[in-house]
Amino acid sequence: MDTFSRDKRHEIMAKVKSRNTLPEVLLRKKLHQLGYRYRIHDSSLPGKPDIVLKARKIVIFVNGCFWHGHKDCGRSRLPVSNREFWEDKISKNIRRDESNYNKLKEAGFDVIIIWSCEMKFVLTKVDEVVKLIERKQ
Ligand SMILES: [Zn+2]
């Protein structure tokens, strides 16, 4: 039995969701099967990329649409109340992301971004990502 109420559980889930999401886990599994070596959540790199293939100089971010402000995506729609607060917060996140991506690119990394709304196509997406990685060999 869940000791938390439905709302409380939802709140907890929303917090943990940003790490080890399903697309992220499936992608890692696939890369592992293919024999790739990678690190996860590497805090020594800007933005703490979710997956880092250091030897190939590729970083992968699996981004939640709301917090990272996925453009023109239904999941990134801002709440009606406190609109200014959210606009400000999300646009700060977007700017921070962009600055991190630029730093990584300057350091010679390829940056691959996957959005959580692509989760329904996660297997297709995983194949796409693998193709991108293999193209770099
Ligand atoms: Zn999205």
Side-chain angles (χ1 to χ4, degrees):
M1 269 268 292
D2 202 328
T3 49
F4 295 104
S5 71
R6 213 172 139 261
D7 284 353
K8 185 71 189 164
R9 170 61 59 202
H10 192 83
E11 192 191 310
I12 293 167
M13 291 313 291
K15 276 180 194 151
V16 290
K17 234 175 166 178
S18 60
R19 294 262 171 261
N20 305 313
T21 56
L22 184 61
E24 198 181 324
V25 170
L26 288 174
L27 180 57
R28 266 151 46 184
K29 227 179 194 172
K30 179 80 175 189
L31 293 176
H32 185 78
Q33 279 170 4
L34 293 170
Y36 289 107
R37 297 292 161 90
Y38 54 83
R39 284 196 210 179
I40 59 168
H41 310 144
D42 188 346
S43 54
S44 70
L45 292 174
K48 211 178 177 186
D50 295 310
I51 300 172
V52 180
L53 293 107
K54 223 162 198 170
R56 268 164 234 274
K57 301 221 97 182
I58 294 172
V59 295
I60 302 169
F61 289 92
V62 184
N63 283 349
C65 299
F66 181 76
W67 292 107
H68 296 271
H70 192 195
K71 209 170 173 271
D72 301 324
C73 169
R75 292 190 190 186
S76 67
R77 215 167 286 141
L78 296 174
V80 180
S81 58
N82 276 329
R83 186 142 194 126
E84 260 174 50
F85 166 79
W86 287 111
E87 268 172 9
D88 183 54
K89 183 157 188 72
I90 302 299
S91 63
K92 269 183 194 148
N93 288 350
I94 294 172
R95 279 199 300 275
R96 195 184 51 213
D97 284 344
E98 273 166 8
S99 134
N100 286 331
Y101 303 156
N102 285 335
K103 281 180 203 153
L104 287 160
K105 285 175 194 164
E106 277 162 23
F109 283 94
D110 276 2
V111 179
I112 297 176
I113 294 151
I114 302 173
W115 293 98
S116 63
C117 63
E118 297 171 310
M119 187 159 148
K120 53 185 166 177
F121 310 113
V122 70
L123 294 175
T124 320
K125 194 69 200 175
V126 165
D127 288 343
E128 267 174 42
V129 171
V130 168
K131 268 183 211 145
L132 285 175
I133 293 170
E134 284 176 349
R135 205 178 294 155
K136 241 202 142 181
Q137 281 179 335

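In listed order, ligands and their atoms are each counted from 1.
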In sequence, state the C-alpha distance, the side-chain angles, and the governing distance for V59 and Y101, and then conclude on side chain to side chain contact (heavy atoms under 4.5 Å, CB included).
CA-CA 9 Å; V59 295; Y101 303 156; over 6 Å; no
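The environment of K57 atom NZ is dense: over 12 non-hydrogen atoms of other residues, nucleotides or ligands sit within 6.0 angstrom.
Considering OH of Y36 and CZ of R56, their distance stands at 5.0 Å, rounded to 0.5 Å.
Around the Zn ion (ligand 1), protein N, O or S atoms at a distance under 2.8 Å total 4; waters are neither shown nor counted.
Between K54 and R39, the closest side-chain pair of non-hydrogen atoms falls below 4.5 Å.
For H41 and E24, the side-chain atoms include at least one donor-acceptor pair closer than 3.5 Å.
The backbone N or O of E84 sits nowhere less than 3.5 Å from a side-chain atom of D88 that would complete a donor-acceptor pair.
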